[in-house]
Amino acid sequence: MNGRLFKIAGCSGAGKDTLIAKFLEKNPGVERSISVTTRQPRRGEKDGADYFFTSKDEFKKSADSGEFLEWAEFCGNFYGTKKSIVQKALEKGRDLILKIEVQGAKQIKEKMPEAKSIFIMPPSLKVLEERLRNRHTDSEEDVLKRLKAAEAEIEAGRKFDYTIINDTIENALEKLQNIFDKK
Ligand code: 5GP
């Protein structure tokens, strides 16, 4: 049987990365797709593990040759999901998580309507702002861009199949587990 595809979106700073990492630790049978991006690596991020980091030219070439299942521009950088990664995981019968922003999630909805969408919400915009600033990974300009993008993302997130409020990691993990455990 083919694996299932889950799209996880949520504004920058909502805590998707931590949540997904903890979920994968508990669920070794589930995989996460590694995306291609033109963003600069943050401190500690590794090429091929966190993202495949690439130039805008290379990204455009890959997009033109149809390598991406979806791609989008977010805060001045490009992000895309490789078709090959998705195909391989699903054919092996593995459930796959795509960490994705809302425009990409919409594109996948058109191509693979069976994929479930999950939106991770911060408890409030104030908490979101604190998290973005406290992680010290983005410049002030980037923090402001991401906060601006957050409002539109939250609006788009209303159309998702599930919403999880990331108030505490334990609560959010339990809710995510319940979604995956539904057959
Ligand atoms: P960040 O720069 O914080 O790692 O990611 C910025 C946004 O891009 C996040 O919302 C993240 O989920 C999203 N993103 C990461 N990979 C992809 C992808 O392959 N496609 C799309 N459309 N968005 C992605």
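What you are looking at is a predicted structure, and each value in this text was computed from that prediction instead of being measured. As the structure lists them, so they are numbered: ligands from 1, and atoms in each ligand from 1. Quick note: numbers below take in every heavy atom, side chains included, and nothing from hydrogens, waters or symmetry partners.
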Check: For ligand 1, which atoms, with element, lie under 4.0 Å from some heavy atom of Arg39?
Finding: 1 (P), 2 (O), 4 (O)

Checklist line | Minimum non-hydrogen distance to atom 11 (C) of ligand 1, winning option of Lys106, Lys99, Arg135 | finding: Lys99

Next item on the list: Pick, from Glu73, Gln40, Glu101, the option with the minimum heavy-atom distance to atom 23 (N) of ligand 1.
Entry: Glu101

Note to self: My understanding is that only residues two or more places apart in sequence, or in another chain, count here; which of them pass side chain to side chain contact (heavy atoms under 4.5 Å, CB included) with Glu140?
What the structure shows: Arg133, Leu144

Item checked: Heavy-atom nearest option to atom 3 (O) of ligand 1, drawn from Glu70, Lys16, Arg146 -> Arg146

Checklist line | Trp71 near ligand 1 by a heavy-atom separation under 4.0 Å | finding: no

Margin query: Need the ligand 1 atom indices (1-based, order shown) with element for anything under 4.0 Å from a heavy-atom of Ser35.
Written below: 16 (N), 17 (C), 18 (C), 19 (O)

Checklist line | Ligand-residue contact atoms, ligand 1 with Ile100, heavy atoms, under 4.0 Å | finding: 12 (O), 13 (C), 14 (N), 20 (N), 21 (C), 22 (N), 23 (N), 24 (C)

Margin query: Under a 4.0 Å threshold between the charged nitrogen and the carboxylate oxygen, would Glu70 count as salt-bridged to Lys111?
Written below: no

Checklist line | atom 4 (O) of ligand 1: the protein heavy-atom neighbour that sits closest, reported with distance to 0.1 Å | finding: Tyr51 OH, 2.5 Å

Notebook entry, point to check: Can you find a non-hydrogen atom of Gln103 under 4.0 Å from ligand 1?
Noted result: no

Margin query: Check this for me, if you would: do Arg158 and Glu155 make a salt bridge, where the nitrogen-to-carboxylate-oxygen distance has to be below 4.0 angstrom?
Written below: yes

Margin query: According to side chain to side chain contact (heavy atoms under 4.5 Å, CB included), who are the partners of Asp17, at least two apart in sequence or on a separate chain?
Written below: Lys99

Check: Counting from 1, what ligand 1 atoms have a heavy atom of Phe74 closer than 4.0 Å?
Finding: 6 (C), 7 (C)

Check: Near Arg42, which atoms of ligand 1 are under 4.0 Å from a heavy atom of that residue?
Finding: 1 (P), 2 (O), 3 (O), 4 (O)

Checklist line | CA sep, side-chain torsions, deciding dist, call: Glu73, Asn77, side chain to side chain donor-acceptor pair (under 3.5 Å) | finding: CA-CA 5 Å; Glu73 184 174 357; Asn77 290 301; over 6 Å; no

Check: Between Glu130 and Lys126, is the closest basic N to carboxylate O distance under 4.0 Å?
Finding: yes

Check: Under a 4.0 Å N-O cut-off, is there an ion pair linking Lys61 with Glu58?
Finding: yes

Checklist line | side chain to side chain donor-acceptor pair (under 3.5 Å) partner of Ser12, the single match among Arg135, Glu101, Lys145, Glu153 | finding: Arg135

Checklist line | Close N or O approach (Glu153, ligand 1; < 3.5 Å) | finding: no

